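Here is the naming used below: chain letters follow the sequence lines, and residue numbers restart at 1 for every chain. Side chains included, hydrogens not; waters and symmetry mates left out as well; all remaining heavy atoms used. Computed from a predicted model, the values in this text were never measured in an experiment.
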Amino acid sequence: MNSGIDLQGSLIDTLKDFGLPPGVAKAIWLPLPMLLMIIGATVGVLVVVWLERKISAAAQQRIGPEFTGPLGVLQPVADGMKLVFKEDVVPARSDRWLFTLGPIVVVIPVFLSYLIVPFGQNLVITDLNVGIFLWIALSSIAPIGLLMSGYASNNKYSLLGGLRAAAQSISYEIPLAFSVLAIAMMSNSLSTIDIVEQQSGYGILGWNLWRQPVGFIIFWIAALAECERLPFDLPEAEEELVAGYQTEYAGMKFGLFYLGSYVNLVLSALIFAILYLGGWEFPIPLERLAGWLGVSETTPWLQIVTASLGIVMTLLKAYFLVFIAILLRWTVPRVRIDQLLNLGWKFLLPVSLANLLITAALKLAFPVAFGG
Amino acid sequence: MFNILKQVQDYAKESVQAAKYIGQGLSVTFDHMRRRPVTVQYPYEKLIPSERYRGRIHFEFDKCISCEVCVRVCPINLPVVDWKFDKAAKKKKLNHYSIDFGVCIFCGNCVEYCPTNCLSMTEEYELSAYDRHELNYDNVALGRLPYKVTQDPMVAPMRELGYLPKGVIDPHDLPSGSQRAGKRPEEIIEEMEKASSDQ
Amino acid sequence: MTLAEGVQIVSFGILAVMVLGSALGVVLLTNIVYSAFLLGGVFISIAGLYVLLNAEFVAAAQVLIYVGAVNVLILFAIMLVNKREDFSSIPRRWIRQGATGIVCFGLFALLGTMILITPWSLAPTSSAVIENSIVEIGKHFFSDFLLPFELASVLLLMAMVGAIILARRDIIPEVAIAKEREIVSTSLTLPERPREIASIGSSPTKEQ
């Protein structure tokens with residue numbers, strides 16, 4: 001296993017060369033990746049919002065945002081500015097504290113989950129050995145925030161939306177966790193780095209997509225439900241619940257919900273790319289190609305090329321999935337609440353359980369192909 | 001035992017079918033992505049109203065004989081005709097005339113029945129105002145010449161669906177000489193005259 | 001003191017204050033919804049303490065199960081049962097309070113002696129320091145803790161079966177239907193499962 005580029009080590013070494021003590025150097029390094037991740041996630045959201053508006057427009061034969069910046073790329077920024085400067089309305093007889101706390105509780109876990117998203121061998125904030133499990137655990141905090149904001153709004157639609165959101169999120173967490181578990185079983189680890197490593201070496205043929213076709217579909221459905229994307233956007237179904245738990249929100253508090261939902265979408269797409277589409281791997285096995293061409297793995301320019309290609313590949317895969325999600329939004333009508341829960345408990349749960357058992361059996365039977 | 005198997009089989013079949021239909025739907029949505037936008041970018045592009053468009057009513061003060069037919073045929077007696085009998089000329093003298101377009105339903109009865117044709121329909125439809133009283137047009141406002149889409153240099157005029165050539169549904173980038181489907185009124189009249197002269 | 005130690009001490013202090021504060025809030029606040037949300041705070045802070053103890057898996061499981069499932073269920077129960085009821089005074093309530101106090105003090109004393117007895121400091125080279133806790137937990141589950149593990153799973157299975165049986169009551173009791181028909185006999189109503197008539201708002205208490 002090659003170590004690749006070690007940004008942390010080299011930066012700390014550089015700072016030490018300037019005469020700083022190692023503790024201070026480390027302290028200077030510490031906030032950098034976190035800041036980078038927060039900024040990256042926010043920029044990712046801006047891109048997704050723009051994509052969503054443009055692709056939706058194209059699917060409906062419209063033009064979409066056009067006048068703010070070239071092709072309207074600044075439209076999400078304008079939207080964000082508007083939300084920042086809007087009045088912060090707190091409805092009468094609502095619970096002021098819970099009302100403020102709700103959006104925060106929803107947003108923070110989503111941003112925290114970016115800790116485990118790898119963009120390359122060493123391009124990850126922390127390589128925890130609970131990795132993907134942390135994401136599942138953190139995403140289970142969100143329903144509390146939704147319940148909180150639904151309860152605090154002093155509005156029956158908000159309360160119903162919050163309850164629905166929590167119910168939906170609990171029901172789809174289980175198939176999601178089962179399909180992730182099947183992947184973890186195959187790669188003998190929960191760490192995201194190990195999961196990608198296990199898919200590498202054979203290019204597109206090595207990706208988990210081929211070994212876990214059922215899990216692939218279940219994960220996608222459950223991820224859409226977790227993000228409250230359109231076929232499953234019941235908590236904010238306009239026709240029934242006005243806007244669900246966000247009905248009473250305005251200004252930046254609403255902005256936090258908005259941000260949170262899109263960050264969650266990008267995050268789910270990234271995790272999906274990591275679990276099933278080989279993360280930062282290029283469809284052609286680059287290391288082998290380099291080996292055939294006689295270029296050593298440790299050549300600096302090759303490492304830079306593979307690292308940047310890794311980032312590009314991860315983002316490309318994630319945004320392709322976002323594109324599919326947007327397309328699905330304009331294709332599939334919203335399901336009813338009973339259909340939603342039926343699908344979750346009576347279809348996805350048994351199928352994902354069976355998938356898990358079959359994966360275990362295959363792992364015992366063909367340890368070569370299924371990570372023995 | 002077999003019953004359960006059959007149930008499972010049916011369920012699986014239904015699931016596969018549902019997946020197939022979702023796939024078909026996705027392909028339709030995806031196909032829409034490469035189509036051109038059908039929308040008209042309003043302040044920069046405007047549709048040319050059709051020939052019989054019933055827009056704002058135009059009024060010619062000098063032609064009016066204050067007969068009040070327009071008031072009588074109006075479903076809500078909307079036009080206000082303020083006249084006085086001029087004893088010297090032994091004629092009605094019109095002082096003011098006004099129509100409130102905030103109330104008017106643009107049915108065109110007044111235009112139809114006006115004996116002197118002093119009322120006519122225009123193709124103007126941009127009547128928005130900050131105050132609803134501004135919509136009460138007096139005879140000066142009614143007498144203004146209507147705005148014409150084709151004469152505005154800021155606006156790209158777009159043809160409506162009925163005025164496009166055969167098989168075309170997009171008004172953007174039409175070739176210059178293209179005509180609408182079917183014969184134009186002039187051509188029909190020409191043919192009719194020809195036929196009558198032949199007989 | 002290095003950077004890591006400082007961060008550890010500061011975060012331990014913050015987490016300890018959070019645990020104690022929110023736990024006191026759970027017990028002392030009169031609004032039950034606040035108590036439920038603060039309970040979530042307690043669970044999360046305890047998960048933070050687990051992280052400080054290098055037990056990442058336990059911390060994540062704590063968040064997933066206690067915050068994501070148990071606490072959400074508690075909140076659900078509170079929000080769906082929107083019944084405002086005044087406490088009726090119970091005769092000789094002080095016996096209950098006293099018993100609760102004694103039990104709590106006993107538990108506290110037990111845990112306190114446990115804390116004092118246990119030798120906490122571990123050498124970094126000791127075999128009890130575990131690198132990958134998930135693997136160790138798995139090994140223990142399938143070797144020396146097999147029986148409790150299996151018993152717990154059987155218990156959960158039983159609970160699940162019970163829940164399913166409670167949830168799918170397809171059969172409508174005959175008596176109930178007859179009763180329902182007596183009350184509303186219009187042709188527009190469908191036979192429904194009997195349900196309790198929900199009391200709207202705070203109904204006057206009958207006991208008093």
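Counting heavy-atom neighbours within 6.0 Å of B:H96 NE2, excluding the residue itself, gives a total of 12 or less.
Proximity to chain A at a heavy-atom threshold of 4.5 Å picks out B:I22, B:G25, B:L26, B:T29, B:F30, B:H32, B:M33, B:R35, B:R36, B:P37, B:V38, B:T39, B:Q41, B:Y44 from residues 20-47 of chain B, in numerical order. Using non-hydrogen atoms only and a strict 4.5 Å limit, the part of residues 338-349 of chain A facing chain B consists of A:K346, A:F347.
A distance-only check finds no donor-acceptor pair linking the side chain of B:E193 to the backbone of B:E190 [under 3.5 Å]. For the pair A:Q199 (side chain) and A:G278 (backbone), a donor-acceptor distance under 3.5 Å is present. When atom types are taken as modelled, the side chain of A:R62 and the backbone of A:K54 share no donor-acceptor pair closer than 3.5 angstrom. Put simply, the side chain of B:D138 never gets that close to the backbone of B:S98: no donor and acceptor are under 3.5 Å apart.
The six-membered or imidazole ring of B:F101 lies near that of B:Y137, with a centre-to-centre distance under 6.0 Å. Close placement of the A:Y258 and A:Y262 rings is indicated, their centers lying within 6.0 Å of each other.
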Could you check A:Q75 against A:D79 for side-chain hydrogen bond (donor to acceptor under 3.5 Å, both in side chains), going step by step and ending with a plain yes or no? CA-CA 6 Å; A:Q75 188 64 47; A:D79 290 356; 3.2 Å; yes
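Looking at A:E66, the atoms closer than 4.5 Å to chain B (heavy atoms on both sides) all sit in the side chain, from C-beta outward. Interface remark: A:I217 contributes no atoms to any contact with chain B (heavy atom separation under 4.5 Å).
Relative ring orientation between A:Y172 and A:F232 is described as tilted, the plane-to-plane angle lying within the 30° to 60° band. Ring pair A:Y276/A:F272 is tilted by interplanar angle, where 30° to 60° counts as tilted.
Annotation: cation-pi geometry not satisfied between B:K91 and B:W83 (NZ/CZ under 6.0 angstrom from ring centroid, within 45° of ring axis).
Counting heavy-atom pairs closer than 4.5 Å to chain B, the top residue among A:V332, A:L328, A:I324 is A:L328.
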